[in-house]
Structures are given as structure tokens and as C-alpha cells.
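Because the structure is a prediction, the values reported are computed rather than measured.
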Amino acid sequence: MRAKSQEERDFYEIEAADGNWSVRTLQRQYGSSLYERLLLSTDKDKVKEIAEKGQIIEKPQDVVKDPLVLEFLGLQEKAEYSENELETRIIDHLQEFLMEMGKGFTFVDRQKRFTFDEDSYKVDLVLYNRLLRCFVLLDLKIGKLKHQDLGQMQMYVNYYDRYEKTDEENPTIGILLCSDKNDSMVELTLPKDANIYASKYELYLPDKKVLQKKLKQWLEEEGADID
């Protein structure tokens with residue numbers, strides 16, 4: 001492998017073995033900088049654990065990647081596309097999408113419709129994570145994320161928690177996949193205990209060197225250590 005550090009090499013060896021990856025899948029995950037993206041999406045206390053044990057799924061934050069890389073959808077050369085087309089492409093490449101989402105995901109439904117007080121709503125994609133034992137709702141946004149979008153997702157999550165999940169299952173997770181977002185706006189809009197997350201998606205493979213530089217800077221700022 002071309003991995004420069006022993007920690008990165010160990011990570012891909014563990015993930016490849018656990019996920020029974022093919023050579024092609026391993027090459028894709030390395031090319032999409034999975035290692036760097038997971039580290040940048042976690043807190044400093046889990047950095048060493050990820051480097052030594054691979055991706056650990058214990059709480060909702062562990063299934064959120066920022067960014068999500070969707071180059072396999074083949075949309076990067078299109079000047080314009082709709083949310084419906086984005087959703088259709090995801091369904092057409094469902095296996096790759098679930099793998100990009102991470103461990104333990106299964107597909108449940110698309111455009112899931114529910115009605116109360118004579119008003120109807122639709123959730124773009126409904127997944128289930130068997131490791132966390134909870135529903136994961138996805139809403140797709142091709143523009144910049146707005147605070148109204150977060151409020152709508154909160155309603156979806158509340159509905160699933162009250163009417164869909166069983167007593168044995170854990171609270172529903174909501175993830176908004178958007179092409180652009182303001183992290184400060186997201187933080188101010190959502191309460192600290194909200195089970196809702198915003199994640200950017202990219203339609204091209206990221207520049208690995210740029211992510212490595214960003215990761216190094218983040219590790220130094222956070223005082224994290226993976227040696």
C-alpha cells in the first residue's frame with residue numbers, strides 16, 4: 001500500500017479484513033481518503049482508537065462523515081441536477097452508497113410518506129443501522145443548507161421516535177446531506193442534545209494531500225496523538 005504511516009496502514013488492513021473488501025474497494029476507500037475523513041469527523045479522544053481498531057460504531061456521531069464522497073454517482077460533470085436526480089443516482093448505486101455511509105447500514109425506504117393532521121410529508125431516504133439499532137433518516141439538499149431544513153428534519157426525527165421505532169430501539173438519527181453548509185448556523189439552530197447532523201457531500205475524490213495537511217493541523221490544534 002501507499003500509506004505513509006503505520007497507523008494508516010493498520011487502519012486499512014483492519015477495515016479491509018472486517019468488511020471483506022475486494023482490492024477494488026480497498027483502492028476506492030484509500031483514494032477517497034477514508035482514514036483522514038473519519039479522523040477529521042471524530043473527537044480527539046477517539047483518534048488513537050480509530051487508528052488502532054478501525055471505525056468504531058458506538059454512538060450516533062460515529063456514523064457521520066464530513067464530507068461524504070459520492071464520486072461514483074457520476075454527477076461531477078453536470079452543471080445542474082435536481083434533488084430527485086441525486087436521490088435516483090443514489091438508489092442506482094445503493095451498494096456503493098451504503099458502503100460510503102459506513103458500517104452496519106441497510107436500506108429501508110425512499111420517499112417514505114407519513115401523514116398527521118391531514119398534512120403529508122416525505123423523507124427522502126430511510127436507512128437502518130444495525131450496530132446502533134436505530135433508524136437513520138436522510139434528507140438531500142443540493143443548495144446551501146438553511147435553518148428551515150434543520151427544523152424539518154427535527155420533525156421527521158420526532159415522528160419516527162414517536163410512531164415508528166420500538167421500545168427496544170435507540171432514538172432516530174437525522175442526517176442532512178447538502179452541497180454547502182454553514183457550521184456556525186447549524187450549531188446555533190440545533191440544541192446540543194439533538195440527534196441531527198449536517199454533512200457535506202462531494203461529487204469528486206478529495207485531494208489526499210490537502211486532507212492530510214488539514215488533518216495534521218487539526219491534530220496539532222487539538223493536541224491529539226496517534227503515535
Quiz item: What pairs with E58 under salt bridge (charged side-chain N to carboxylate O under 4.0 Å, His left out), at least two apart in sequence or on another chain?
Solution: K46
Exercise. For L73 and L203, work out which heavy atoms get closest and say how close.
Key: CD1-CD2, 4.5 Å
Just list the side-chain donor-acceptor pairs under 3.5 Å for residues 140-155, sequence neighbours left out, or say none.
unit_1 : atom_1 : unit_2 : atom_2 : d
D149   : OD2    : K146   : N      : 2.9
Q152   : NE2    : Y156   : OH     : 3.2
Q154   : NE2    : N158   : OD1    : 3.1

Practice problem: Indicate yes or no for a side-chain donor-acceptor contact from Q61 to the backbone of Y197 under 3.5 Å, with no hydrogens or angles considered. | Solution: no
Quiz item: Do E13 and R9 have side-chain heavy atoms sitting under 4.5 Å apart?
Solution: yes
Quiz prompt | All pairs passing salt bridge (Lys or Arg N to Asp or Glu O under 4.0 Å) where residues 189-200 contributes a residue, at least two apart | solution = none
Quiz prompt | Positive for side chain to side chain contact (heavy atoms under 4.5 Å, CB included) with F72, one of Q95, E96, R89 | solution = E96
Quiz prompt | Closest approach of S179 to Y201 (non-hydrogen atoms, all atoms of both residues) | solution = N-CE2, 3.5 Å
Quiz prompt | Residues forming a side chain to side chain contact (heavy atoms under 4.5 Å, CB included) with E202, sequence neighbours excluded | solution = P67, Y204, P206
Quiz item: Can you check whether Y30 and Y12 have ring centres sitting under 6.0 Å from each other?
Solution: yes
Self-check item: Other residues, nucleotides, ligands: >12 heavy atoms within 6.0 Å of K216 NZ
Solution: no
Quiz item: Would you call the rings of F114 and Y160 parallel, tilted or perpendicular, where under 30° means parallel and over 60° means perpendicular?
Solution: perpendicular
Self-check item: Polar side-chain atom of E220 near backbone of Q217 as donor-acceptor pair, under 3.5 Å
Solution: no
Quiz item: Can we say R133 and E168 salt-bridge, meaning some charged N sits less than 4.0 Å from an Asp/Glu carboxylate O?
Solution: no
Quiz item: Side chains of I91 and F97: closer than 4.5 Å at any heavy-atom pair?
Solution: no
Quiz item: Which residues satisfy the side chain to side chain contact (heavy atoms under 4.5 Å, CB included) test with K214, sequence neighbours excluded?
Solution: L40
Quiz item: Less than 4.5 Å apart, any side-chain heavy atom of L137 and any of T172?
Solution: yes
Practice problem: List for me each residue that meets salt bridge (charged side-chain N to carboxylate O under 4.0 Å, His left out) alongside E15, sequence neighbours excluded, and say none if there are none. | Solution: K103
Quiz item: Under 3.5 Å, is there a donor-acceptor pair between the D66 and S41 side chains?
Solution: no
Quiz item: Who pairs with R113 by side chain to side chain contact (heavy atoms under 4.5 Å, CB included), at least two apart in sequence or on another chain?
Solution: T115, S120, K122
Quiz item: Counting only N and O atoms by type, is there a donor-acceptor contact under 3.5 Å from the side chain of S33 to the main-chain atoms of E36?
Solution: no
Exercise. Taking the side chain as every heavy atom from C-beta outward, state whether N129 and F135 have any pair of such atoms under 4.5 Å apart.
Key: no
Quiz item: With distance as the sole criterion, is a donor-acceptor pair present between the side chains of T106 and R130 under 3.5 Å?
Solution: no
Self-check item: K112 backbone acceptor or donor facing D109 side chain under 3.5 Å
Solution: no
Practice problem: Could you tell me which residues satisfy side chain to side chain donor-acceptor pair (under 3.5 Å) with Q111, sequence neighbours excluded, listed by chain and number? | Solution: E87, D124
Exercise. Could you state whether L138 and F107 fall into the same hydrophobic cluster, counting links through intermediate Ile, Leu, Val, Met, Phe, Trp or Tyr residues with side-chain heavy atoms under 4.5 angstrom apart?
Key: yes
Quiz item: Residues two or more places apart in sequence or in another chain: which of them pass salt bridge (charged side-chain N to carboxylate O under 4.0 Å, His left out) with R28?
Solution: E71, E100
Practice problem: For D183, check salt bridge (charged side-chain N to carboxylate O under 4.0 Å, His left out) against everything at least two apart and list the hits. | Solution: K181
Quiz item: Counting only N and O atoms by type, is there a donor-acceptor contact under 3.5 Å from the side chain of N170 to the main-chain atoms of L132?
Solution: yes
Quiz prompt | Any side-chain heavy-atom pair of Q29 and S32 under 4.5 Å | solution = yes
Quiz item: Given the rule that I, L, V, M, F, W and Y join up when any side-chain heavy atoms are under 4.5 Å apart, are V210 and L219 in one cluster?
Solution: no
Self-check item: Residue pair I56 / E49, side-chain heavy-atom distance below 4.5 Å
Solution: yes
Practice problem: Check which hydrophobic residues are tied to L205 through side-chain heavy-atom contacts below 4.5 Å, counting indirect links as well, and list them. | Solution: V69
Self-check item: F11 side chain near L34 side chain, heavy-atom distance below 4.5 Å
Solution: yes
Quiz prompt | Residue pair V157 / I173, side-chain heavy-atom distance below 4.5 Å | solution = no
Self-check item: Pairing residues for T88 by the side chain to side chain contact (heavy atoms under 4.5 Å, CB included) criterion, not counting sequence neighbours
Solution: N84, D92, R110
Exercise. Of all the heavy-atom pairs spanning N195 and P171, show the shortest one and how long it is.
Key: ND2-O, 3.6 Å
